[in-house]
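Written out below as structure tokens is the structure these notes cover.
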Number of protein chains: 2
Amino acid sequence: MTSMTPARTSPPADRPQLGLRERKKIKTRTAIRDATYALIEEQGYEATTIEQIAERAEVSPSTVFRYFPTKEDIVLTDEYDPLLLEELSARPADEPWMDSLRHVMRYAIGAATTDEPEVTKLRMRLMVEVPAVRSRMMETMSVTGGLLCQAVAGRTGLAPDSLEVRVFSMSLIGGLLEVSMYWAENDFQGDLADLVDRAMEVMEKGLPTEIR
Amino acid sequence: MTSMTPARTSPPADRPQLGLRERKKIKTRTAIRDATYALIEEQGYEATTIEQIAERAEVSPSTVFRYFPTKEDIVLTDEYDPLLLEELSARPADEPWMDSLRHVMRYAIGAATTDEPEVTKLRMRLMVEVPAVRSRMMETMSVTGGLLCQAVAGRTGLAPDSLEVRVFSMSLIGGLLEVSMYWAENDFQGDLADLVDRAMEVMEKGLPTEIR
DNA sequence: CCTTCTTTTGAGAGTTACTCTCATTTCATG
DNA sequence: CATGAAATGAGAGTAACTCTCAAAAGAAGG
């Protein structure tokens, strides 16, 4: 899911013969992001202004806004969701639903923590510390939620816009988001994959000591 | 929870001999809120500026910000959470946890839909339509989540900051928030309490057709 | 290479939510 | 009524965004 996946330098997979124009666009995009990360490390999130970002990325402020609709998006945006959903639908149809999810989550976590661990951690830290970032993250998670609904519906045969599917998806996403926060708040101790396992256990079976 | 409870004209219960100062404060607070609601009905959320709100409420813009930290808060803020938690902890200790929750939810829904149904609906509509409002709502829900953790912990004997409790609380809140959205998106058809029941069923037992 | 068309960029002005400060007013109290 | 504390208003300032328009830079064809 969004929170687990790092922002990529280049779009995953396809890169066949891009024109100079396209290549430049990618370069500016990452220039802006890198500038932002660097400035945030130096001064913190709030203290970093769009103007500073623009200056360091050597573009105009207008351009920054052209590439990212909000300041938070510079930090958060990634393009992994479709990949994950694909991964999810590629799972065997007879596999228990929660097991499929677990696999996909592991996959996502692997990608995020191997690829660019510092960036991933920075993002999670910002999520915990900066309300605006957290909000924006939740926003994008609810978009992810919509996609998840499709996947769940496809798998279970339920309607994607039914209350049940929607509630299930959102509560799942809420839970997973909380895992990230927990991990970040506890200084990234332990293995994120293990935490996710524990979380999914809870969401599947309820609290450990709960009296049914 | 927050999403279900209407903003009150006066703080619930206690009003024993308030000084003129306090009474005036309450009056301005509701004046601002009423002005906001009215303007939003007339022009929509985005088109309504703080200046307009201030003008109609007959206070200065500064005062508006003194009472509400953000524009979204004018619409969303209520003070019901503590009440609900109290209600929750007042439930018999041997009652199954989910049953307790169900009761409290019913209570909250009853209060919200009986008290000021139009306001409640307006808020939910804004939640669906205005991203900023939705974000802010999610923010406050995550605060509520923290409180809920305490309650869950007290009941189950688990640590309030344990991963399990936190995940459980947040996924619950995510699910309940989605119920509100669903209700609003479907033009408030059907009984909210029924929807909440169905949602809690999902969160307790998983999706209907799920193969365990 | 040069022309023409399209896309991307930069500059600048404007809006609005929000912050901070300080003087003034308004209530509380003895 | 005097004195102190709290609430208000006025105003200046910041920074994230939005919009518009003209200049610059790649794409494509002759």
| Pair A/Ser135-A/Glu72, side-chain contact (heavy atoms from CB on, under 4.5 Å): steps then yes or no | CA-CA 9 Å; A/Ser135 291; A/Glu72 296 88 56; over 6 Å; no
| Closer to the 5' end of DNA chain C via nearest nucleotide, is it B/Glu22 or B/Thr48? | B/Thr48
| remark: Here the distance between atom P of C/dT8 and atom CG of A/Leu20, to the nearest Å, is 12 Å
| Under the 3.5 Å rule, do the base of D/dG26 and the side chain of A/Arg23 count as making a donor-acceptor pair? | no
| Picking from D/dA5, D/dC17, C/dT9, which would you name as closest to the side chain of A/Thr70? | D/dC17
| Lys/Arg N to Asp/Glu carboxylate O, A/Glu42 vs A/Arg56, below 4.0 Å | yes
| Of all the choices, D/dA10, D/dT20, D/dA16, which nucleotide is nearest to the side chain of A/Ile50 once you look at every atom? | D/dA16
| C/dT7 C1' sits how many Å from A/Lys25 NZ, rounded? | 8 Å
| remark: B/Glu51 CD to C/dC18 P, in whole Å, measures 14 Å
| said: Of the options C/dT8, D/dG26, D/dA16, whose atoms approach the side-chain atoms of A/Thr49 most closely? | reply: D/dA16
| task | Fit a plane to each ring of B/Phe188 and B/Trp183, take the angle between them on a 0 to 90° scale, and name the class: parallel (under 30°), tilted (30 to 60°) or perpendicular (over 60°). | result | perpendicular
| said: From NZ of A/Lys27 over to C1' of C/dT8, roughly how many Å is that when rounded to an integer? | reply: 15 Å
| task | Establish whether the base of C/dA11 is bridged to the side chain of A/Ser62 by a donor-acceptor pair shorter than 3.5 Å. | result | yes
| task | Look at all strands and tell whether A/Phe68 reaches a base, only sugar-phosphate, or nothing, counting heavy atoms closer than 4.0 Å. | result | nothing
| said: Taking donor-acceptor contacts at under 3.5 Å, does the side chain of A/Arg66 reach the base of C/dT8? | reply: no
| Is the NZ or CZ atom of A/Lys71 positioned over A/Tyr45's six-membered ring, under 6.0 angstrom from the centre and within 45° of the axis? | yes
| Interatomic distance where CZ belongs to B/Phe65 and P belongs to C/dT21 [whole Å] | 17 Å
| request: Using a 4.0 Å heavy-atom cut-off across all strands, classify A/Pro61 as base, sugar-phosphate, or nothing. | output: nothing
| query | Could you give the CD1-to-C1' distance, from A/Ile74 to D/dC17, as a whole number of Å? | reply | 12 Å
| message | For D/dT8 and B/Tyr67 - does any side-chain N or O of the residue sit under 4.0 Å from the phosphate oxygens OP1/OP2? | response | yes
| query | Using a cut-off of less than 4.0 Å, is there contact between a side-chain N or O of A/Thr63 and OP1 or OP2 of C/dT9? | reply | no
| request: Please report, rounded to the nearest Å, how far the C1' atom of D/dC17 is from the CD atom of B/Glu46. | output: 12 Å
| task | Name the closest nucleotide to the B/Ser60 side chain, picking from D/dA6, C/dT8, D/dG9. | result | D/dG9
| query | Any Lys/Arg nitrogen of B/Glu118 or B/Arg123 sitting under 4.0 Å from an Asp/Glu carboxylate oxygen of the other? | reply | no
| Atom pair distance, as rounded to whole Å: CD in A/Glu72 and C1' in D/dA16 | 9 Å
| Would you say the side-chain atoms of B/Ser100 and B/Arg155 include a donor-acceptor pair closer than 3.5 Å? | yes
| message | At less than 4.0 Å, is any side-chain N or O atom of A/Lys71 found next to OP1 or OP2 of D/dC17? Yes or no. | response | no
| So does B/Lys24 get a side-chain nitrogen or oxygen closer than 4.0 Å to the phosphate oxygens (OP1/OP2) of C/dT26? | no
